[in-house]
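For ligands, and for the atoms within them, numbers begin at 1 and follow the listed sequence. In this text, all values refer to a predicted model and were calculated from it rather than measured experimentally.
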Amino acid sequence: MLSLDGQWRFHLAPSVAAAPAGMAAPDFDDSAWGLLPVPSSWPMHGHGRPAYTNVRYPFPVDPPHVPTENPTGDHRLAFELPADWPAGAAVLRLDGVDSCFVAWLNGHELGWGTGSRLPTEFDVGPLLRAGRNVLAVRVHQWSAASYLEDQDMWWLPGIFRQVALLARPAGAVDDIFVHADYDRRSGIGTLRIETDVPALVNSAELGVSGQPTGEPLPVGPVRPWSAEQPTLYDVTVTAGGERIALRVGFRTVAVVDGQLTVNGVPVLLRGVNRHEFHPELGRVVPAETMRTDLLLMKRHNINAVRTSHYPPTPAFLDLCDELGLWVVDECDLETHGFEPLGWRRNPSDDPQWGEAYLDRMRRMVERDKNHPSVIVWSLGNEAGIGVNHGLMADWTRSRDPGRPIHYEGDHECRYVDLYSRMYASHAEVDAIGRRAEPPLPDATLDARRRAMPFILCEYAHAMGNGPGGLSEYQELFERYPRCQGGFVWEWLDHGVRQRTPDGREYFAYGGDFGEPLHDGNFVIDGLVRPDRTPSPGLVELAAVFAPVGVDATPTGLRITNRYAVSDLSHLAFGWTIEVDGQPVAGGDLVVPPLGPGEAVDLPLSAAVTPAAMSGAVAGECWLTVRVVLAESQPWAAAGHEVAWGQVPLGEVTSSPQVAVPAPPARSRLSAGRRDQSTAARVRAGLLRIGAGHFDPSDGTLVGLGDVAFGSGPRLDVWRAPIDNDRFGAHADGGTPMEPLWRAIGLDRMSHRVLDVAPEADRLTVRTRVAPAATDLALLVSYAWTSSGAGLRLALDVLPEGEWPGPLPRLGVRLAVPAELDRVRWFGRGPGEAYVDSMRAARVGRFTATVDELQTPYVFPQENGHRIDTRWLRMTSSTGAGLRITGRPTFGFTARRWSSSELDRARHTHDLAAGTEVVVNLDLAQRGLGSGSCGPGVLPQHELPVAPASFQIELTALPATTAEPGEQPD
Ligand code: IPT
């Protein structure tokens, strides 16, 4: 093989007519052309610009015609044929060219190709010359084939996968098809290798020596291939002087009794949809990035990939074979842009397009059939339904009966073997799990579909902050044998790395390149950022997908093995007990080597009761069990955490009482007045309760001990809308929240002071909080009392009027000096968590800076919320600051900008630190849901407008006040 990747000469013309004549001639003078790397997406190298649309075609829908303005990229490469290149047949292979090309070698036209994510091969042997050869490739951005490639991604033309020359010895194999079945009862594998010419099979590992291809060879017992244990055997096939190295995995895929099984065992797909994208290179994904993607997936308990919505770079499937992932390999086919037109003239049902559909399916199956990781063929995505899908399915079934066929758009499951849906709500999945979905009109089709396994080929749209509701889906997948999991949409944010003129980096999305038609940040909907930084959504997914359950029971804990084939012997279990977030005891946990699906209940020993805990710390006591790899795996080192769980052990009260921090020694505001009683009085224009000072005109807290508030705690119901608030709930027909909230005016509430009523040791402030132009209101009462060193706030909220929808949040907002940027808390963490996305947040004691609390979503929105906080300290470098104690808990965000600034920002660089830290203390926030494409927030995670009460305590911390059990800052 000779790789032809490298620097090529390149010229871009705005149309076919404007492209240079004669450029295919070997002696054409291309010296004035620039250089372009191949493979590449040319708009990523300054030639034209990327453009993003989701569903809509960026050109008039007039199949098969495309615009006259058709960017045409001419590529030329002069290469030396190595002196020892064998004479005879040779093949030129282009693994991916978007979208249509013509190729010439030494001035001879080789032919043309379409099918951007599919290989094209040309016989070139007789055209090769000793020494210098010239390859010319003319690529058109648009072609009739573009109608079949309307996937939700950037439009990026170019030769974006490798180009190679392959010598083909006489008598060598042109086609090879490995069938490697596994019989679970006997443990025997059957290897049958089909070749187009006679050839010999060898494998030292399998004890096969010089057997002819074509015959079934019983081997073994063998270790079967699975995503959990991806055993591969080296096999060679020899013919025509050529030896072909294969890596063979034995596995048998079958639908048995309404379940998708591999090697006789039902599989649960814990999957993601993966597009191929790189923030600088576009459609070119370097090998290291591909590996990074897969390692991240494995480390986050993902066991399956749908190659949405086209076959991936071939090397990706080698890695899936090696590292172990179940793959749904999807054909390069989508005609979604016909949907807004009522599917009029959709190619899927037009026989003129039949051969084009078949060609795509054939090329995918023939390319990828020897990968054990590929367990399902998918006919494509969002192309409506039509006779051409039938052609694809029929051909595939006859060519490869060993894999079931998937296509979500086939709602009646006429052509497919699996029932698949996208973005079905939890309630719908529940009905499908019970095989109780609404019937199809045709009874035969209905019976057939009802007997099929069910998967969600897309669910839990990971756009921006979210998705919420993952654990509720997983419960359904685990409850119903018919529900075999699914694929979260999607793996990656397709943001394009850019810099502002002053050098600040950000990621661009639709519209940022001046596209007249675009779909904005809908292309930013992944579990990892464009640079592959995991989002909180991915961390949540890892916890939800954990292959080992660690759950509290009334008497202890239950360990559940959720693997399909592995026992637990590759894992180590450790436990820790923490009181008020401080470790007091720990050790190893002995867990029997449970088989797949087995569980064991472990009672807690008397040694871990709160009474038995001693030490300086009192408070909440938690047992945490961590499950880690006992030994290194190819995808993670020993000690990597695969699961964890917590058991609440109650309160430790036997220890000495925690000392309440003393009031500030030298308080700027209260100097000289500490001997006075805590009764409320007006002094120097301020109203004082204990250590707190209030503005008598509106009852706002202006200072507490040494802490001066930029603004005191005040009711707040607004959050910078998340994408799931902004877009319509697609599957449950719900309305998007953001327009409703803005119409009501939640982003512009005004606070009218009704009453400021100081009493002995108490200040009651009543306000009416309401937006302009409506008669809706929240009547708020703030009752402030002294708690000695600090202040207690009891907040009561009473709604007035008919509120049409839920609130984004309910709590108070305050602003503290910018230097109080060191944050420590006891509650759930370490990462952000919301009521419907908190499986990954454990109860513990955590530290972060204000800057570290932010999640820089590519499209700025509410983020960074910490839930179930018991106490929170915000201190400066001296250790002085503020402690907030929940009664019992609260959620918080702390950031250097306001929610309004966050709301207005369109890119991360729009946010600039101000002179304060804005802190929100929430009684509750509405859940995240998945409404940007799919069901909204589940009812139990909504935040309806209702009477509410909320209590917290604020204490000023003098410098170097430490939490019990800790060293001072
Ligand atoms: C679904 C598409 O299949 C997927 O490619 C992506 O566009 C996703 O939506 C949105 O991000 S189709 C939609 C109509 C449910």
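Here the CG atom belonging to Leu538 is positioned 13.5 Å from the CZ atom belonging to Arg529, to the nearest 0.5 angstrom. Here the CD atom belonging to Glu540 is positioned 11.0 Å from the CG atom belonging to Leu527, to the nearest 0.5 angstrom.
Each of the atoms 7 (O) of ligand 1 lies under 4.0 Å from some heavy atom of Asn54. Residue His336 approaches ligand 1 through these ligand atoms, each under 4.0 Å from one of its heavy atoms: 12 (S), 14 (C). Counting the atoms of ligand 1 from 1 in the order shown, those under 4.0 Å from a heavy atom of Asp525 are 11 (O). Numbered from 1 in the order shown, with element, the atoms of ligand 1 that lie under 4.0 Å from a heavy atom of His309 read 3 (O), 4 (C), 5 (O). If you number the atoms of ligand 1 from 1 as listed, the ones under 4.0 Å from a heavy atom of Met422 come out as 1 (C), 3 (O), 12 (S), 15 (C). If you number the atoms of ligand 1 from 1 as listed, the ones under 4.0 Å from a heavy atom of Asn381 come out as 2 (C), 3 (O), 5 (O).
Between His907 and the options Tyr509, Phe507, Phe859, a ring pair (Phe, Tyr, Trp, His ring centres under 6.0 Å) holds for only Tyr509.
Residue pairs meeting the salt bridge (Lys or Arg N to Asp or Glu O under 4.0 Å) criterion with at least one member in residues 507-521, sequence neighbours excluded: Arg56-Asp519.
Of the charged side-chain nitrogens involved, at least one lies within less than 4.0 Å of a carboxylate oxygen, so that Arg479 and Asp430 count as a salt-bridged pair.
For the pair Trp489 and ligand 1, the shortest N or O to N or O distance falls below 3.5 Å.
Within the set Glu408, Glu458, His461, the minimum heavy-atom distance to atom 1 (C) of ligand 1 is found for Glu458.
Scanning for ring pair (Phe, Tyr, Trp, His ring centres under 6.0 Å) contacts around His275 gives His309, Tyr310, Trp489, His494, with sequence neighbours left out.
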